[in-house]
Amino acid sequence: MFEELKKRVYEANMQLPKYGLVTFTWGNVSEIDKETGYFAIKPSGVPYEELTPEDMVIMDLNGNVIEGKYKPSSDTPTHIEIYKAFDKIGGIVHTHSPWATSWAQSGRGIPCYGTTHADYMYGEIPCVRNLVKEEIEEAYEKNTGVLIADYFKDKDYIAMPAVLCKNHGPFTWGKDGNEAVHHAVVLEEVAKMAVRTEEIEGHVKVAPQELQDKHYFRKHGEKAYYGQN
C-alpha cells in the first residue's frame with residue numbers, strides 16, 4: 001500500500017551517505033503522506049548498505065507502527081512532534097554531519113556570512129538550548145521535538161528550514177524528504193564555510209542585510225526570479 005512512499009524515503013536516506021552526511025547509522029530521513037497522516041522513516045540501527053525500500057517503517061502520528069518488520073528510528077518521536085506542529089513540513093532529516101554538529105556542540109548558531117547561506121536560509125541558523133535533566137529522563141526524543149516546535153512556533157520555519165540542537169546535532173526539513181536532504185547538504189556546506197571564514201578573519205561580520213535579502217528573495221517568494229519558469 002505504501003510502496004511509493006517507502007521508495008521515496010529509501011532513496012532520500014541513501015543520499016545521506018552519498019553526500020557524506022552520515023557515518024555508520026548516524027542519521028535518518030522521514031516523509032509524511034498528508035492524505036493518510038502516515039509517514040515513512042528509516043529503521044533503527046540498520047546499516048545503509050543493507051537497507052531496501054521494503055525496510056522503511058510506516059508510522060502514524062501517535063507513534064504506532066502501521067507497517068514494517070523493523071523498529072523505527074529512535075528519533076521517530078522527534079519527527080512526530082515536528083510534523084504535528086507544522087503542517088507545511090513534508091520531510092525531515094536528522095544527521096550528525098561533522099561541521100554542523102560541531103556548531104551544535106559549541107552551542108552557537110551559524111551566522112550568515114555570505115550568499116550561499118542566504119540563498120537557502122534566511123538569517124542565522126539557530127541553536128536551541130539543552131534539554132534539562134527532567135526533559136531528558138522523561139522522554140528525550142519527544143522533548144527534543146517539542147523544543148524545536150516551541151522555538152519555531154512564532155517564526156518562519158519555511159524561511160529557516162534548519163536547526164541545531166545544542167550538544168546533539170542538526171535537523172532540517174522541507175516539502176518532502178528529498179528537499180529536507182537538500183537542506184541538510186546545504187547546512188553542512190554552510191557550517192564548513194562559516195568555520196573557515198572565522199579562521200581566516202576572526203572579527204568577521206555577517207553579510208549586509210540588503211545582500212541577504214536580495215539572495216533569499218530572488219529564490220523564494222512572490223518576486224523570485226532565479227531558475228526557469
key: Heavy-atom closest pair, residues Gly177 and Val93   = O-CG2, 4.4 Å
request  = Look at Lys214 together with Glu210 and state whether they make a salt bridge at an N to O cut-off of under 4.0 Å.
outcome  = no
inquiry  = Could you check whether atom CZ of Phe217 has more than 12 heavy atoms from other residues, nucleotides or ligands sitting under 6.0 Å from it?
reply    = yes
note = In short, Pro126 meets Met160 closest at the heavy-atom pair CD-CG, 3.8 Å
inquiry  = Between Leu21 and Val185, is the side chain to side chain contact (heavy atoms under 4.5 Å, CB included) condition met? List the steps.
reply    = CA-CA 7 Å; Leu21 299 182; Val185 175; 3.8 Å; yes
task = Would you please say whether a donor-acceptor pair under 3.5 Å links the side chains of Asn13 and Asn28?
result = no
ask   = Using the benzene-type ring in the case of Trp, are the ring centres of Phe152 and Trp173 under 6.0 Å apart?
value = yes
query = Are the side chain of Asn143 and the backbone of Ala139 linked by a donor-acceptor contact shorter than 3.5 Å?
reply = yes
query = Would you call Lys142 and Glu135 a salt bridge, using N to O less than 4.0 angstrom?
reply = no
ask   = In Å, rounded to the nearest 0.5 Å, how long is the span from CZ of Arg196 to CD of Glu199?
value = 8.0 Å
inquiry  = Between Glu81 and Lys84, does any NZ, NE, NH1 or NH2 come within less than 4.0 Å of an OD or OE carboxylate oxygen?
reply    = yes
note = For Ser97 and Pro170, the nearest pair of non-hydrogen atoms, with its separation, is OG-CG, 4.0 Å
message = Hydrophobic cluster membership, with links at side-chain heavy-atom distances under 4.5 Å among I/L/V/M/F/W/Y: are Phe86 and Val146 in one?
response = no
message = Centroid separation under 6.0 Å, is that true for the rings of His182 and Tyr120?
response = yes
request  = Step through it carefully: locate the ring centre of Tyr48, locate the ring centre of Phe24, and say whether they are under 6.0 Å apart.
outcome  = no
message = Hydrophobic clustering (ILVMFWY, side-chain heavy atoms < 4.5 Å, transitive) - are Ile125 and Ile158 grouped together?
response = yes
message = Counting C-beta onward and ignoring hydrogens, is there a side-chain heavy-atom pair between Leu164 and Val128 closer than 4.5 Å?
response = no
ask   = Less than 4.0 Å between a side-chain N and a carboxylate O, is that true for Glu198 and Arg108?
value = yes
ask   = Once the angle between the rings of His96 and Trp26 is folded into 0 to 90°, is it parallel (under 30°), tilted (30 to 60°) or perpendicular (over 60°)?
value = perpendicular
query = Do Tyr216 and Val206 belong together in a cluster built from hydrophobic side chains that touch within less than 4.5 Å?
reply = no
key: Side-chain donor/acceptor of Ser106 to backbone N/O of Trp103, under 3.5 Å   = yes
ask   = Centres of the His94 and His168 rings: under 6.0 Å?
value = yes
ask   = CE/Met56 to CZ/Arg8 distance, rounded to the nearest 0.5 angstrom?
value = 13.0 Å
request  = Kindly determine whether Val9 and Phe39 satisfy side chain to side chain contact (heavy atoms under 4.5 Å, CB included), including the steps that lead there.
outcome  = CA-CA 9 Å; Val9 172; Phe39 66 96; over 6 Å; no
ask   = Is a side-chain N or O of Asp33 found less than 3.5 angstrom from the main chain of Gly37, in a donor-acceptor match?
value = no
ask   = Does the Gln212 side chain pair with the main chain of Ala207, one donor and one acceptor, at a distance under 3.5 Å?
value = yes
task = Go through the side-chain N and O atoms of Thr78 and Asp75 and say whether any donor and acceptor fall under 3.5 Å apart.
result = no
key: Heavy-atom closest contact (Gly20 atom, Pro98 atom, distance)   = O-CD, 4.5 Å
key: ILVMFWY cluster, Met121 and Val190 together (side-chain gap under 4.5 Å)   = yes
query = Which atoms form the tightest heavy-atom contact between Pro43 and Leu51, and what is the distance?
reply = CG-CD2, 3.7 Å
task = Answer yes or no: is there a side-chain heavy-atom contact under 4.5 Å between Lys133 and Glu137?
result = yes
message = Any non-hydrogen side-chain atom of Val46 less than 4.5 Å from a side-chain atom of Thr25?
response = no
task = Supply the atom-to-atom distance Thr144 OG1 to Asn130 CG, rounded to the nearest 0.5 angstrom.
result = 10.0 Å
ask   = Taking atom NZ of Lys71 as the centre, does the number of heavy atoms from other residues, nucleotides or ligands within less than 6.0 Å exceed 12?
value = no
ask   = Can a salt bridge be assigned to the pair Lys192 and Glu189 using a cut-off of 4.0 Å between side-chain N and carboxylate O?
value = yes
Glu3 vs Lys7, salt bridge (charged side-chain N to carboxylate O under 4.0 Å, His left out): CA-CA, chis, key distance, verdict = CA-CA 6 Å; Glu3 284 76 13; Lys7 182 174 183 289; over 6 Å; no
task = Please report the closest heavy-atom contact between Cys165 and Ile148, naming both atoms and the distance.
result = SG-CD1, 3.8 Å
query = Are side-chain heavy atoms of Lys6 and Glu67 found at a separation under 4.5 Å?
reply = yes
request  = Please tell me if the side chains of Tyr38 and Met59 come closer than 4.5 Å, counting only heavy atoms from C-beta onward.
outcome  = no
message = Using a 3.5 Å distance criterion without hydrogens, assess whether the side chain of His117 forms a donor-acceptor pair with backbone atoms of Gly123.
response = yes
key: Under-4.0 Å salt bridge between Asp55 and Lys69   = yes
query = If only atom types and distance count, is the side chain of Gln15 paired as donor or acceptor with the main-chain N or O of Val181 below 3.5 Å?
reply = no
Point-to-point distance, once rounded to the nearest 0.5 Å, from CD1 of Ile92 to CD1 of Ile80 = 9.5 Å
message = Is there a path of hydrophobic side-chain contacts, each under 4.5 Å between heavy atoms of I/L/V/M/F/W/Y residues, joining Tyr83 to Val163?
response = yes
request  = Using modelled atom types only, decide if a donor and an acceptor are shared between the side chain of Asn62 and the backbone of Asn64 within a distance under 3.5 Å.
outcome  = no
key: Any donor-acceptor N or O pair under 3.5 Å, side chains Tyr122, Asp213   = yes
ask   = Which value, rounded to the nearest 0.5 Å, describes the distance between Ser30 atom OG and Ile41 atom CD1?
value = 4.5 Å
ask   = Taking side chain as C-beta onward, heavy atoms only, is Glu179 less than 4.5 Å from Lys175?
value = yes
message = Rounded to the nearest 0.5 Å, what separates atom CD1 in Ile58 from atom CG in Leu5?
response = 4.5 Å
message = Counting neighbours of NZ on Lys34 that are heavy atoms of other residues, nucleotides or ligands and sit closer than 6.0 Å, is the number greater than 12?
response = yes
ask   = So, do Asp119 and Tyr226 sit near enough that their side-chain heavy atoms are less than 4.5 Å apart?
value = no
ask   = Is the cationic atom of Lys153 (NZ for Lys, CZ for Arg) positioned less than 6.0 Å from the six-membered ring centroid of Tyr151 and within 45 degrees of its normal?
value = no
